[in-house]
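These notes concern the structure reproduced below.
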Protein chains: 2
Amino acid sequence: MYTISEVSKLLDITTYTLRYYEKEGIVKPVRNANGERVYEDTHLAWLRFVLRLKQTQMPISQIREYAQLYLEGEHTSQARLNLLEDHRSSIQDQIRHLTETEKMLNDKIANYKVFISKGNTLDLSMND
Amino acid sequence: MYTISEVSKLLDITTYTLRYYEKEGIVKPVRNANGERVYEDTHLAWLRFVLRLKQTQMPISQIREYAQLYLEGEHTSQARLNLLEDHRSSIQDQIRHLTETEKMLNDKIANYKVFISKGNTLDLSMND
DNA sequence: ATTTGCCTTACAGTAAACTCTAACCTATAT
DNA sequence: ATATAGGTTAGAGTTTACTGTAAGGCAAAT
């Protein structure tokens, strides 16, 4: 059982964001007698999962879609599986792009280092 | 020598975006007698590089910073090198996050597949 | 009793990165 | 000569994902 500010600290996101996620249908904490949000461990686990999806560029709208399917119950498992598989392939694309760009940067960085160590006397030509 | 719409097609970005990038100081095409933008191969190469940086989550503001340093000449090479090294380490972080999340998804996907193949009779428990 | 601290809501504001509109210009095709 | 297919600018509008404000409720501490 956590208050909104406890969750905020635990997950390192603001309370604003947590309320925003609720408004967007991404998380549904229970309420106490006082009308205050109460998050349980399941919510924490779900939010940690959500943050990973976010970190890997899944838009809020798609995360909401997945959350909705989850709430609709077990008959949506095929739809959820499809969504996860799509996201996995998006992740694989991202890794490919990143790896290519990393290689390119390695080259550029090496060129810059040679250039600088030679006292900036060389020709940098294609060194954008 | 390319017109704005040719570049747009070659790079698969809109002409709006190209004008926006110019306003943001990211690319400076020359102008013909008619005041129209003329992009050369160097601009194309630079824009392809920019798109890679974008694809790997470098914000426009930082790309502009790099472009500015480039225009300021060779004495900025150390600053450019620093910027590229920072971005490379950001890329490495991203790859780490993506790889972890991919592993997590692999597990989840495998669970869903078992669940579905058993006719949805199993317990999904932690299967968010 | 009232201050303090944390909570609530509705709604307005912000930043980034485009995206579009309106009004206008200019070269070529019919 | 005029329609068409491009180009130009300034500036307004959009989307996403927050971020902040205002007005107020409630409970424990002073």
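Just so we're on the same page: letters track the sequence lines, and every chain starts at 1. Just so it is clear, the values below take in all heavy atoms, side chains as well, and ignore hydrogens, waters and symmetry mates. No experiment lies behind these values; they were computed from the predicted model shown.
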*To the nearest angstrom, how far is A:Ile4 atom CD1 from C:dT9 atom C1'?*
12 Å
*Please list, chain by chain and in numerical order, all residues satisfying side chain to side chain donor-acceptor pair (under 3.5 Å) with B:Glu85, sequence neighbours excluded.*
A:Lys113
*Rounded to the nearest Å, what distance is computed from the CG atom of residue A:Leu18 to the P atom of nucleotide C:dC7?*
11 Å
*Which part of the nucleic acid, if any, lies within contact of A:Thr3, taking any heavy atom under 4.0 Å across all strands shown: a base, the sugar-phosphate backbone alone, or nothing?*
sugar-phosphate
_Separation of atom OH in A:Tyr39 from atom P in C:dC7, rounded to whole Å_ = 10 Å
_Can you tell me how far apart NE2 (B:His87) and CD (B:Gln94) are? Round to the nearest 0.5 Å._
6.5 Å
Show which side-chain atoms of residues 18-26 of chain A pair as donor or acceptor with protein atoms under 3.5 Å away, not counting sequence neighbours.
unit_1	atom_1	unit_2	atom_2	d
A:Glu22	OE1	A:Arg37	NE	2.5
A:Glu22	OE2	A:Arg31	NH2	3.1
A:Glu24	OE1	A:Arg64	NH1	2.6

*Pairs where residues 45-55 of chain B contributes a residue and the test salt bridge (Lys or Arg N to Asp or Glu O under 4.0 Å) is met, not counting sequence neighbours*: A:Glu100-B:Arg52
*Apart from B:Leu71 itself, what residues make up its hydrophobic cluster, given side-chain heavy atom links below 4.5 Å?*
none
*Hey, does A:Thr15 reach any base, or is it just sugar-phosphate, or nothing, if we go heavy atoms under 4.0 Å?*
nothing
*Side chains of B:Glu74 and A:Phe115: closer than 4.5 Å at any heavy-atom pair?*
yes
*Under the side chain to side chain donor-acceptor pair (under 3.5 Å) test, which residues partner B:Glu40, sequence neighbours left out?*
none
*When clusters are formed from ILVMFWY side-chain contacts under 4.5 Å, directly or step by step, what else is grouped with B:Tyr16?*
none
*Between B:Arg64 and C:dA16, is there a side-chain N or O to OP1/OP2 distance below 4.0 Å?*
no
_I'd like the 5' and 3' limits of the part of DNA chain D contacted by chain A, with heavy-atom contacts below 4.0 Å._
D:dA17 to D:dA27
*For DNA chain C, whose closest nucleotide is more 5', that of A:Glu6 or that of B:Asn34?*
A:Glu6
*Excluding sequence neighbours, so at least two apart, what forms side chain to side chain contact (heavy atoms under 4.5 Å, CB included) with A:Gln78?*
A:Leu81, A:Asn82, B:Ile116
_Sugar-phosphate only, base, or nothing, as touched by A:Arg19 at under 4.0 Å among non-hydrogen atoms_ = base
*Between A:Lys9 (NZ) and C:dC7 (C1'), how many Å, whole number?*
13 Å
*Round to the nearest Å and state the distance from A:Arg31 atom CZ to C:dC7 atom P.*
12 Å
*Which letter, B, S or -, goes with each nucleotide of nucleotides 17-22 of chain C from 5' to 3', with contact meaning a protein heavy atom under 4.0 Å?*
BBBBB-
